[in-house]
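Comments concern the structure below.
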Protein chains: 2
Amino acid sequence: MDRELLLLGLLRREDMHGYQLTEFINRNLASCVDLKKPTAYYLLDKMVEAGWITRSQEQEGSRPPRHVYQITPEGEAAFRRLLRENLSAYHPARFTDDIGLALLDSLPADEARALLSRRREALAAELEAARAAPPHAGSWQLVIDHLRFHLAAELSWLDGILRRLAEGGTSGE
Amino acid sequence: MDRELLLLGLLRREDMHGYQLTEFINRNLASCVDLKKPTAYYLLDKMVEAGWITRSQEQEGSRPPRHVYQITPEGEAAFRRLLRENLSAYHPARFTDDIGLALLDSLPADEARALLSRRREALAAELEAARAAPPHAGSWQLVIDHLRFHLAAELSWLDGILRRLAEGGTSGE
DNA sequence: TCCTGACTATTCAAAATTGACTATTCAGAA
DNA sequence: TTCTGAATAGTCAATTTTGAATAGTCAGGA
């Protein structure tokens, strides 16, 4: 229901068409959702059926007509409900990275160290990129701040592991 | 491919049947994967087809027969490849929570504060639970450590937001 | 002018995922 | 002994997601 919340939140500000919605989300909110285009259209269809939004044709010059979505009063009500739900609960993030860590024993210690160093570089690059992002208005900035905070924390955690490994912490197989 | 990596990693240690695999994962590795039973069976089927594992019937007393899976040499090769891939890359986690944060402006400031306080309590409870978890052997412990580290970081981040909100930081609508 | 590559906008068949269900065993309560 | 609730083991239909394809526009270079 979180992707619906986000779509409603964007449509509340202004009417948009599907492509615009996915582009915006993937450019600005990739750190919290991964919304592929076909999924977005699927969700929009469902929300039309649920009466949360309406779809209308927009003809502009010689272009093929586009579908523009606008939020309804029911959609506005759903938005408020979903937002309250989202804000009050804690949704644990999943760390796919940890699968590899859990199986670290299966490789010789120095290979493990070398591979994790690469991960460290990838992570450091992400952090650099996040730091370079331009500031946003209002509470959108919170998302950017959170990403930076999280990446910095992850980096220091990973460095801790690499230090431990260098000291011969977890035994190689 | 990460769930396959994990299944192979478990089957490398000992032959197991489907139910055992999912139970183990959901009990011990919920912080990195969410693997429902039907999905696990689906993946196991695919891995049998790919030749990474084999399935055999196990008859025990009057029980209905169970399917036991064992890893093949091809599976072992796949395991090593997937483990190297997983370890060397950085897989960003997604923060669904941030969707609500991004839309925080849409609620009056004191309601936002109240809702986030609930989230804070849920998060604090998770951290308590994670701290209570018993220690594991070898690199499995890394997963538990990571979870604790992450939850503690999130808690301090959320407290920071709550402080800012209390000082009237982000404007209510 | 014609071609090429990038962007806009959407659809579709195939693949993956899930909630709900079936069926059995077992331990303890009534 | 019979019932009940929990744990074990797995399946299936329906929903959801995805990679790949389609189709038009537009800007710039050859």
Side-chain angles (χ1 to χ4, degrees), chain A residues 1-7 10-11 14-30 32-50 52-70 82 91-92 94 96 99, chain B residues 1-8 10-11 14-30 32-50 52-70 82 91 94 96 99:
Chain A
M1 284 284 117
D2 303 295
R3 282 139 42 264
E4 284 89 339
L5 168 63
L6 179 54
L7 291 170
L10 293 174
L11 291 175
E14 63 177 316
D15 298 351
M16 296 171 86
H17 46 96
Y19 190 82
Q20 236 178 102
L21 286 161
T22 50
E23 283 301 295
F24 183 86
I25 291 171
N26 291 323
R27 276 184 214 293
N28 301 301
L29 296 164
C32 40
V33 255
D34 175 25
L35 184 61
K36 312 267 196 264
K37 276 179 284 173
T39 311
Y41 286 109
Y42 172 77
L43 292 175
L44 288 168
D45 279 354
K46 278 209 329 174
M47 289 164 73
V48 168
E49 274 186 57
W52 291 1
I53 57 177
T54 55
R55 189 203 335 262
S56 56
Q57 296 271 324
E58 185 200 61
Q59 192 60 257
E60 196 187 319
S62 64
R63 288 171 161 291
R66 301 185 297 185
H67 296 144
V68 179
Y69 298 90
Q70 47 274 140
L82 292 174
H91 310 85
R94 308 274 172 183
T96 322
I99 293 176
Chain B
M1 283 284 119
D2 302 293
R3 282 139 42 263
E4 284 89 339
L5 167 62
L6 178 54
L7 291 170
L8 288 174
L10 294 175
L11 291 175
E14 64 178 314
D15 298 351
M16 296 170 87
H17 46 97
Y19 190 82
Q20 236 179 103
L21 286 162
T22 52
E23 282 303 294
F24 182 87
I25 291 171
N26 291 323
R27 276 184 215 292
N28 302 299
L29 296 163
C32 41
V33 255
D34 174 26
L35 185 60
K36 312 266 195 260
K37 275 180 290 169
T39 310
Y41 286 109
Y42 173 77
L43 292 175
L44 288 168
D45 279 354
K46 278 210 327 176
M47 289 165 73
V48 168
E49 273 185 59
W52 292 359
I53 58 178
T54 54
R55 188 204 336 260
S56 55
Q57 296 270 323
E58 185 200 63
Q59 192 60 257
E60 195 187 320
S62 63
R63 287 172 164 290
R66 300 186 296 184
H67 296 143
V68 178
Y69 298 89
Q70 47 274 141
L82 292 174
H91 309 85
R94 307 273 173 183
T96 322
I99 293 176

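Residue numbering restarts at 1 for every chain, and letters A, B, ... go by the order of the sequence lines.
Distance B:R27 CZ to D:dT8 C1': 11 Å, rounded to the nearest Å. The NZ-C1' distance, from B:K36 to D:dT17, rounds to 15 Å in whole Å. The CE-C1' distance, from A:M16 to C:dT10, rounds to 16 Å in whole Å. One interatomic measurement links the two molecules: CD of B:E23 to P of D:dA6, which rounds to 15 Å at whole-angstrom precision. Distance, B:K37 NZ to D:dA7 P: 12 Å, rounded to whole Å. The separation between B:D34 atom CG and C:dG19 atom C1' is 13 Å, rounded to whole Å. In this entry the distance linking CG of A:D45 with C1' of D:dT17 reads 14 Å, nearest Å. Between A:L35 atom CG and D:dG19 atom C1' the separation is 15 Å, expressed in whole Å.
When distances are taken from the side chain of A:K46 to each of C:dC7, D:dT16, C:dT17, the shortest belongs to D:dT16.
With contacts defined as side-chain heavy-atom distances shorter than 4.5 Å, the pair B:L21/B:L11 qualifies. For the pair B:I53 and B:L7, the minimum side-chain heavy-atom distance is 4.5 Å or more. Side-chain atoms of A:Y69 and A:V48, non-hydrogen and from C-beta on, do get closer than 4.5 Å to each other. The shortest side-chain heavy-atom distance between A:E4 and A:W52 falls under the 4.5 Å cut-off.
Distances shorter than 4.0 Å separate some side-chain N or O of B:Y41 from OP1 or OP2 on D:dG10. The phosphate of D:dT18 (OP1 or OP2) has a side-chain N or O of A:T39 nearer than 4.0 angstrom. Phosphate contact (OP1/OP2 of D:dG10, side-chain N/O of B:Y19, threshold under 4.0 Å): absent. Within the 4.0 Å cut-off from OP1 or OP2 of D:dT17, at least one side-chain nitrogen or oxygen of A:R3 is found.
With hydrogens and angles ignored, the 3.5 Å screen pairs no side-chain donor or acceptor of B:D2 with any backbone N or O of A:I99.
Nearer the 5' end of DNA chain D, as judged by each residue's closest nucleotide, is the contact made by B:H67, out of B:H67 and A:P38.
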